[in-house]
Amino acid sequence: MPKVRLLWQGATYEVEAQPTEPLYAAIQRIGLPAGETILTARTDGTIHELSAPIGEATTFELLGWEAPEGRWVFWHSSAHLLAEAILTFWPQAKLTIGPPIEQGFYYDIDFRGDAPSPEDFPKIEAKILELAAQPEFFVRKKVSKAEALAYYQARQNPYKIELIEELPPEEITFYESGNFVDLCKGPHLWHSGPVRAVKVLGLAGAYWRGDSRNPQLTRVYGISFPSQALLEEYLRLQAEAERRDHRLLGKQLDLFSFHEEGPGFPFWHPKGMRLLNALQDWLRQKLLRNGYEEIKTPIILTQTLWERSGHYENYRENMYFTMIDEQPYAIKPMNCPGSTIIYRTQLRSYRDLPLRLFEFGLVHRHELSGVLTGLFRVRAFTQDDAHIYCTPEQIQEEIAALLQLVEQVYAAFGFTEKEVYLSTRPERYIGSLELWAQAEGALQAALQVAGLPYTLNPGEGAFYGPKIDFVVRDSLRRKWQLGTIQLDFSMPARFGLTYVGADGKHHTPVMIHRAILGSFERFVGILLEHTAGDLPLWLAPIQVKLLPVSDKFLAYAEEVWHLLKARGLRAALDASNERLNKKIWAAEQEKVPIMWVMGAKEAAARTVAIRNRLERTQAENVPLETAIAQLMQAVQPPA
RNA sequence: GCCAUCGUAGCUCAGUGGUAGAGCACUUCCUUGGUAAGGAAGAGGUCGCCGGUUCAAUCCCGGCCGAUGGCUCCA
């Protein structure tokens, strides 16, 4: 009898098995939890259902909830349960497609004018759990095209018929579970037993095949879990994310606002500017220490410049245009063309390279009205942009230095968990194959030297060069793409940039576009959600708030206030005629990290009582000079 | 841009075919209070904008503007 190897939770099992028997039988024979915590399997890089015959494969990696493939299959089967539940209440509904997604699943359904509403969600959820508990076995059935068509013609479902018409006739499969049958290629769970918690999340309009000329369907979103505890954890995270919404925090902390007078264009309030400036000052100093020079280029430049750069051809829909003295101009959507103009102001030698020019450049982009979202998607933003001009040989060293810089910058905000993506030459590209090979090799080598694990995205690079993208995870483990490093073989040539090499001849430099935070506006939004508004001292708009116990001590408080301001500390004074409790409460609402309470004792002894919000500590009778020195120390930004 | 929902005081929200309310914030007064909201009074809105229906519209209808969620995850 042939043997197969099973890998499960770090252990390897060998078991005798017939090629014709289903995988779950072999798994069960050695006492492993097939169909319970084991959800599916992988062999040769493809998912192998537990109910499928073992076949010729000899090694199976068994996958549970922790594996993305495990959840994928879990949610795919859950989508079938959702559809089955819905058909029991809305028998007239026509199913279309119901795939798993990154967080759950959905099913697009034509309800024929009688769609469910959120009040119906509980009964749908209850029905799904009832079906799941039976449990239902997912049985794969190969059917002929004629059978398949007949089935859906009888059910008057034009969508499924359309799908079937486009499928290769020999590859049509149905999945049966309970009384439910669905056209589906799988893969699925062996049975529905592990589905123990489910939530219908919401409804959305979606067009058949994503085309607005097609009928409008109702998309029902859902998510399911193998335990109630996991569902509750998910709901807790959702609620937490809602609580941390940067749009609410921006209002609560009085940082920025949006108005009809400028949709998608943020208005920064005084406290928001303090934060934004602290961020920019810090990064500016860091870049200057790292071999960069700062530049600033105009916001409005002639249209001919953008024609030359290629933006007019490729990016026009996102650009704003204007006329000056009857000449067409454009508002810059990117900073690179301006940077190249500064490069060209001198004859550059290879000795000048690499030349690192950074610009906190304000760019405007016409985003579709429907996608604007707080600071995350705006129509005007400030990039922490830089362009590095170097020789092809210098690429690797420059990238290595950049990787270090990126690491340091992210660490300064507590973004310690990051993912790196390397995108390589696409089908449509410019530049020589040799240059591409050298550049991709340099990026790869730099990543390897830095010991950074990365995901390869073959063919996903820009047409003008390969790139590295950085994605960080915030405190709720949500992903945010921040930085990007893009090699550019196109623009230096388009703008005729050259440098004189050691051989005395002119050469074309390579241009590295790079942003670390991406945009300051978006980054502030991410930082607010990451920290729930509890910004670190070095960024806090108000670092310390002075709370006199009564207005008898206002004079002392004002004196201290001036001392703090003179030292460049961001201090505020609560001079209101309120009780201490109220002042503390108000400062808490503002999320002020440090409060100094001062009353009779303090005024007499020239001390302060320090309340630290984040550390939840209090210190009494701290001499003023000591307190100031401590504070000066504490507000120091990271290196 | 498309679909759905929403738009009432600075903020969060309640409400009605007969020209509008609460809490917080704001102003004034009382209180001078020691670690998360002291008390009282007052002021504040052409109910997003434009048009229509009606004796009468914040409410019903249409258009526009804005916000929110979704819209390339294809059995």
Closest of A36(B), C73(B), G34(B) to the A600(A) side chain is G34(B)
Reckon R579(A) has a side-chain N or O less than 4.0 Å from the OP1 or OP2 of U32(B)? no
If I take atom CG in residue L253(A) and atom P in nucleotide C11(B), what distance separates them, rounded to the nearest angstrom? 16 Å
Indicate whether the side chain of E602(A) and that of W596(A) have a donor and an acceptor atom separated by less than 3.5 Å. no
CD/E558(A): more than 12 non-hydrogen atoms of other groups inside 6.0 Å: yes
Nearest to the side chain of E260(A), heavy atoms from C-beta on, is which of C74(B), G66(B), U32(B)? G66(B)
Value in whole Å for how far the P atom of C73(B) lies from CD of E102(A): 13 Å
Among C74(B), G38(B), A67(B), find the nucleotide with the atom closest to the side chain of L372(A). A67(B)
In terms of side-chain heavy atoms of R209(A), which of C71(B), G1(B), C74(B) is nearest? C74(B)
Per atom distances to the D551(A) side chain, the nearest of U35(B), C71(B), U32(B) is U32(B)
Write down the distance between CE (M598(A)) and C1' (U35(B)), rounded to a whole number of angstrom. 14 Å
With the side chain of N577(A) defined as its heavy atoms from C-beta on, choose the nearest nucleotide among U32(B), G69(B), A67(B). U32(B)
At 4.0 Å (heavy atoms only), tell me whether K251(A) reaches a base, stays on the sugar-phosphate, or touches nothing. sugar-phosphate
Can you find a side chain N or O atom of S369(A) that sits less than 4.0 Å from OP1 or OP2 on G1(B)? yes
Tell me the partner of U12(B), counting only Watson-Crick (N1-N3 plus N6-O4 or O6-N4) or G-U wobble (N1-O2 and O6-N3) with both under 3.5 Å; none if nothing fits. A22(B)
Among A37(B), G38(B), G34(B), which is the nearest nucleotide to the side chain of A609(A)? G34(B)
Below 4.0 angstrom from OP1 or OP2 of A25(B), is there any side-chain N or O of K582(A)? yes
As a test of reading the structure: which of C74(B), C73(B), A36(B) is closest to the side chain of E588(A), going by heavy atoms? A36(B)
If the C1' atom of A14(B) is compared with that of U8(B), how far apart are they to the nearest Å? 10 Å
Minimum-distance nucleotide to R616(A) side chain [options: A36(B), U35(B), G33(B)]: A36(B)
When both hydrogen-bonding distances must be under 3.5 Å and the geometry is Watson-Crick or G-U wobble, what is A57(B) paired with, if anything? none
Regarding E367(A) and R379(A), does a basic nitrogen lie under 4.0 Å from an acidic carboxylate oxygen? no
Side chain of L580(A) (C-beta onward), nearest among G1(B), A36(B), G34(B): G34(B)
Only pairs with both distances under 3.5 Å count, Watson-Crick or wobble alike; so what is the partner of G69(B) in this structure? C3(B)
Taking atom C1' in both C2(B) and C60(B), what distance in whole Å separates the two? 27 Å
Contact class for E602(A) (heavy atom, under 4.0 Å): base, sugar-phosphate, or nothing? base
Rounded distance in Å between the P positions of C11(B) and A57(B): 27 Å
